[in-house]
Amino acid sequence: MKKKRYTLLLYVLICVKLFLFYLFTVGTIKIQSMVSSFLWCSLLVVLFATFLEKQQFLLYCVLSGMFIVDYLYFQNFGSLPSIKHLLLLPQLPKVGSSIKYFLNPVSLSFVADIPLVVFFDKRYLKGLSQREKRAEKFPLLLMVLCTAFAFFPAFTEGLKPMQFFNKYGLVAYHIYDPVYLLSFEKHTAAAPNPPVVQTQRETGKKFFGIAQNRNVIVVQFEALQNVLLRRTYNGQPVTPNLNALLEKNSIYFSNYFQQTGAGNTADAEFVSLTSLHAPGDRPAYEIYGDIELDGLVRALKRARYHTVAIHGNTKSFWNRDRAYVSLGFDEFFGLEDLNPDDIVGMGLSDFSLYRQAVEILKKLPRPFFAFVVTLSSHTPFILPENLKTLQLDARHENTLFGNYLQAINYADRAFGYFLQLLKAAGLYENSIVVVYGDHAGLYPFNKESKQLMSEWLKEEYSYLTALNVPLIIHVPGLGKSYEITTVGGQVDFTPTLLNVLGLKCDLKVCVGRDLCNGDDFVAFRYHLPDGSFLDGSRFFTVSEDGRIANSTGFDANTKESLPYYEFLDGYKRAMKQIEVSRHFLESLRGTVTERVETR
């Protein structure tokens, strides 16, 4: 009797935790996924209670640990962790502040009861009776094996892990993850010959060469979303300096979207500087950091630009010390090379970074290309009180939403300071300043952020709004400002910038196009399933179970729902971009591997 009560206690606690996980992570409760998760948990509990009764507490601890790790990872990245993410463990201390932010009562509830369960476990073990005869357990064993075998066809569908989670649940996801990694992913990555792809040719002359022979200063602005520009909070402008930049001598791309994967900021760099898609579920710099790529940096070096990267974190963070060499940068200044006089959040404050960057730029040969990566507006957006200037409502204080507004406002003030320093140093008039957001700061998968953003915007905060980041090319002396509404993404950054500089996009492979002269199209990655796209008139989201027939799409203007077959041309175009990038990168990676093995 004690045995049954103990097993029932563990089972009830597991079910409660599983329900809490779904309640506080997945935006919409998916009945099939949740029911499948409960069935898998039930199967494991029965299996352990029958055949491994002394190890039931171990099972409970493993599942509790799985719940808290999955919860913390989901709150940060909007997906579930994979065993291949073990290679990212060295980066864990550098994003510790983000993890600590989500160590709240919900996350702690997954493990807080373990000391109490230890007490019951000891009592249970003391009163454990003699095991039942094996023969008496055989019918139950047969039932468990049959039930497990019934799930086997699911493992042959070839679904991606997150699609498998949406269909079969949390426990099944972690069982399937290594299967996919060792079977399906390995198989798809082994494509020997990349498809033949034509590099982009000049097809238009709009804005061509308007910044010819000028220095190029690119600022990758941490977590800057387009929705913040020209917007106020209780009458206070959130980004006054960026707003001013839009009003004069700038080309503003208002329908520009992030295309990052698991590498977030680092992936934004990779995609923008190579015009190739990132892997998606793994950081590009970790996989392709040793591959010499013919991207923007090398294109500018061929045009006799001196190239330099500046970042306020350690050089090894996201493997930049190797990746920047592979991309072709002449110099890289990291935290080790700078004066750590003002640390905010994950690294050097934007004010200090900009000030020291200008001192570096003053000494560079002309023309130069400077790539500056900021940090102060990094999640969880916590600033010292003396750096906050926005007056927030009490209910927004100490929320992710409120912290985000304060951090972006601070980073905007730092950017205004940067422009002043460039003018004072005599660098402003002979340079162009390019600013773009690397990725969203607040994603709709966080329920509190979605609710507060929706209230502030007075409309539903969607993924389409979240993934929209600004791109601004500021050309002193241009005479006026332009807004380009062409839909595009970060793969289009390199050809667009080269057009403005009057240079031909002669990269070996380039899946992007010049947004000053191109058509509307962006292929989404990671936060929306592969094959999802927006082309100005249509928005298509591939179903989370991977089935095109179950996917949703609508007219972007009328919001009218359309059948999936109306989007097949865009789906094929999106997948071609992704596959071309993957095949090309894997072919180069194979060449590097062969070279290493023959040494």
Side-chain angles (χ1 to χ4, degrees), residues 25-30 32-33 36 70 73-74 77-82 84-85 154 157-170 172-173 176-177 179-181 184-185 187-189 257-264 267 271 276-284 439-440 443-446 450 462-468 487 489-491 511 521-535 538-554 556 561-582:
T25 54
V26 183
T28 303
I29 297 294
K30 297 176 175 63
Q32 181 178 351
S33 177
S36 295
D70 288 349
Y73 192 90
F74 192 94
F77 302 107
S79 63
L80 296 175
S82 166
K84 61 192 169 193
H85 293 150
E157 293 181 33
L159 297 176
K160 292 188 176 181
M162 281 304 293
Q163 294 171 343
F164 201 85
F165 162 71
N166 289 313
K167 193 171 183 181
Y168 297 109
L170 189 63
Y173 164 84
Y176 178 72
D177 179 48
V179 174
Y180 178 82
L181 186 63
F184 299 107
E185 189 171 67
H187 175 73
T188 56
F257 292 85
Q258 73 175 69
Q259 294 174 296
T260 60
N264 281 333
D267 277 2
V271 176
L276 297 169
H277 282 283
D281 54 1
R282 286 181 289 177
H439 55 74
Y443 288 98
F445 62 69
N446 184 288
K450 180 175 182 177
S462 66
Y463 268 102
L464 204 56
T465 301
L467 300 179
N468 183 201
V487 173
Q490 289 165 335
V491 294
V511 302
F521 191 80
V522 60
F524 293 107
R525 300 299 313 277
Y526 194 60
H527 292 292
L528 294 176
D530 288 354
S532 303
F533 72 90
L534 174 69
D535 67 2
R538 301 171 302 168
F539 176 46
F540 181 65
T541 305
V542 173
S543 171
E544 292 176 331
D545 63 11
R547 296 180 180 177
I548 300 300
N550 295 340
S551 303
T552 58
F554 58 83
S561 180
L562 299 172
Y564 77 91
Y565 49 79
E566 295 284 352
F567 302 91
L568 291 180
D569 58 327
Y571 169 79
K572 291 177 181 177
R573 180 176 177 182
M575 292 305 299
K576 182 179 180 180
Q577 278 192 10
I578 294 168
E579 287 302 304
V580 163
S581 299
R582 184 176 64 82

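Bear in mind that the values here come from a model prediction, so they are computed numbers and not experimental data.
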Okay, side chain of T541, backbone of S532: is any donor-acceptor separation there less than 3.5 Å? no

Tightest non-hydrogen contact, residues A262 and R282, listed as CB-N, 3.9 Å

Can you sort out the partners of D530 under salt bridge (Lys or Arg N to Asp or Glu O under 4.0 Å), two or more places apart, ordered by chain and number? K160, R525

Check the pair H277 / Q259 against side-chain contact (heavy atoms from CB on, under 4.5 Å), numbers first and verdict last. CA-CA 7 Å; H277 282 283; Q259 294 174 296; 3.4 Å; yes

Minimum side-chain heavy-atom gap F521-V487 below 4.5 Å: no

Is a side-chain donor-acceptor pair under 3.5 Å present for S33 with S36? no

Separation of L534 CG from R538 CZ (nearest 0.5 Å): 10.0 Å

Could you tell me which non-hydrogen atom of D281 sits nearest to which non-hydrogen atom of Y526, and how far apart they are? CA-CE1, 4.3 Å

Within this structure, what is the OG1-CD distance for the pair T552 and E544, rounded to the nearest 0.5 Å? 9.0 Å

Under 3.5 Å: donor-acceptor pair, side chain of S551, backbone of S543: yes

Could I get the full list of side-chain hydrogen bond (donor to acceptor under 3.5 Å, both in side chains) partners for Y564, not counting sequence neighbours? none

Distance check, rounded to the nearest 0.5 Å: Y443 atom OH versus T465 atom OG1? 13.5 Å

Anything under 30° is parallel, anything over 60° is perpendicular, the rest tilted; go ahead and classify H527 against F445. parallel

Tell me, please, which residues at least two apart from F540 pass ring-ring contact (aromatic ring centres under 6.0 Å, His included). F533, F567

List the atom of N264, the atom of T260, and the distance in Å for their closest heavy-atom pair. O-CG2, 3.4 Å

Are P81 and D70 side-chain neighbours, meaning at least one heavy-atom pair lies under 4.5 Å? yes

Stepwise, does the side-chain contact (heavy atoms from CB on, under 4.5 Å) test hold for L528 with F539? CA-CA 12 Å; L528 294 176; F539 176 46; 4.1 Å; yes

Once you round to the nearest 0.5 Å, how far does CD of E579 lie from NZ of K572? 14.5 Å

Compare every heavy atom of D267 with every heavy atom of G261, then report the nearest pair and how far apart it is. N-OD2, 3.0 Å

Roughly how far, to the nearest 0.5 Å, is the CG atom of L80 from the CZ atom of F165? 5.0 Å

Verdict with supporting geometry, V522 and L467, side-chain contact (heavy atoms from CB on, under 4.5 Å): CA-CA 11 Å; V522 60; L467 300 179; over 6 Å; no

